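Okay, so here's the structure we're looking at.
Just so we're clear, the structure is a prediction, and the values are computed from it rather than from any experiment. Hydrogens, waters and symmetry mates play no part in the numbers below; they use all other heavy atoms, side chains included.
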Amino acid sequence: QVQLVESGGGLVQAGGSLRLSCAASGRTFDNYNMGWFRQPPGKEREFVAANTYSGGTTYYADSVKGRFTISRDNAKNTAYLQMNSLKPEDTAVYYCAAVRRFRSDYSTRYYSPPMYDYWGQGTQVTVSS
């Protein structure tokens with residue numbers, strides 16, 4: 001089992017930047033593919049970005065492509081989401097999630113919340129206009 005704790009959320013003006021962190025503990029971090037999701041107020045949870053256990057393959061939602069960057073430091077057991085050029089519509093609770101690297105269907109289901117076994121508690125990001 002792995003425990004995930006997000007940090008780095010806050011209030012920022014449109015056009016600003018934030019970097020979210022997701023600290024993992026409990027098991028070997030590089031055994032897990034990682035995803036970032038968000039849940040805007042009154043809406044369902046949606047995919048933001050994901051990467052594989054080595055960080056070698058990344059995936060992005062169209063809405064954040066070119067503005068957000070997912071990365072990870074396996075030596076520090078931490079995943080990151082760098083968010084630039086933030087917009088008011090990026091306002092949401094952001095969650096990181098993990099799934100074991102050996103899932104053969106990850107490349108076709110990385111965007112689906114049920115793919116992931118472990119979730120953090122979430123961190124609020126608010127972008128003011």
According to a 4.5 Å side-chain heavy-atom criterion applied to Ile, Leu, Val, Met, Phe, Trp and Tyr, with indirect links allowed, do Val125 and Leu81 form part of one hydrophobic cluster?
-> yes
Could you tell me whether a side-chain N or O of Arg72 sits under 3.5 Å from a main-chain N or O of Tyr53, the two making a donor and an acceptor?
-> yes
Nearest heavy atoms of Tyr95 and Gly120, plus distance in Å = CD2-O, 3.6 Å
Just do the side chain to side chain contact (heavy atoms under 4.5 Å, CB included) check on Tyr80 and Asp73 with the steps written out, would you?
-> CA-CA 8 Å; Tyr80 304 98; Asp73 185 338; 4.0 Å; yes
Closest non-hydrogen atoms of Ser17 and Ser85, given as atom of the first, atom of the second and distance, are OG-N, 4.3 Å
Considering non-hydrogen atoms only, spot the tightest contact between Ala14 and Pro88 and give its length.
-> CB-CD, 4.1 Å
Smallest heavy-atom separation, Ala79 atom then Phe29 atom, equals N-CZ, 3.9 Å
Run through Tyr94, Trp119, Tyr111 and flag the one making a ring-ring contact (aromatic ring centres under 6.0 Å, His included) with Phe37.
-> Trp119
Between CG on residue Leu11 and CD on residue Gln124, distance to nearest 0.5 Å = 9.5 Å
d(Met83 CE, Trp36 CH2) to nearest 0.5 Å is 8.0 Å
Separation of Gln39 CD from Glu44 CD (nearest 0.5 Å) | 8.0 Å
Which heavy-atom pair separates Ala24 from Val2 by the least distance, and what is that distance?
-> CB-CG2, 3.9 Å
Measuring from Arg103:CZ to Thr108:OG1, what's the distance to the nearest 0.5 Å?
-> 9.5 Å
Side chains of Tyr118 and Arg100, donor plus acceptor under 3.5 Å | yes
For the student: nearest non-hydrogen atoms of Ser21 and Thr78, plus distance = CB-CG2, 4.2 Å
Considering only distance and modelled atom types, tabulate donor-acceptor pairs under 3.5 Å from the side chains of residues 54-64, sequence neighbours left out.
unit_1	atom_1	unit_2	atom_2	d
Ser54	OG	Gly56	N	3.1
Tyr60	OH	Ile70	N	2.9
Asp62	OD1	Lys65	NZ	3.2

Side-chain H-bond candidate by donor/acceptor type, Asn33 with Thr52, under 3.5 Å = no
If you draw a 6.0 Å radius around OH in Tyr110, do more than 12 non-hydrogen atoms from other residues or ligands fall strictly inside?
-> yes
Glu6 side chain to Cys96 main-chain N or O, any donor-acceptor pair under 3.5 Å?
-> yes
The reported gap from CZ in Arg38 to CD in Glu89 (rounded to nearest 0.5 angstrom) is 8.0 Å
Rounded to the nearest 0.5 Å, what separation is found between the CG atom of Asn74 and the OG1 atom of Thr28?
-> 10.0 Å
Shared ILVMFWY cluster between Tyr106 and Phe47, side chains joined below 4.5 angstrom?
-> yes
Linked, directly or transitively: Leu4 and Tyr116 (ILVMFWY side chains, under 4.5 Å) = no
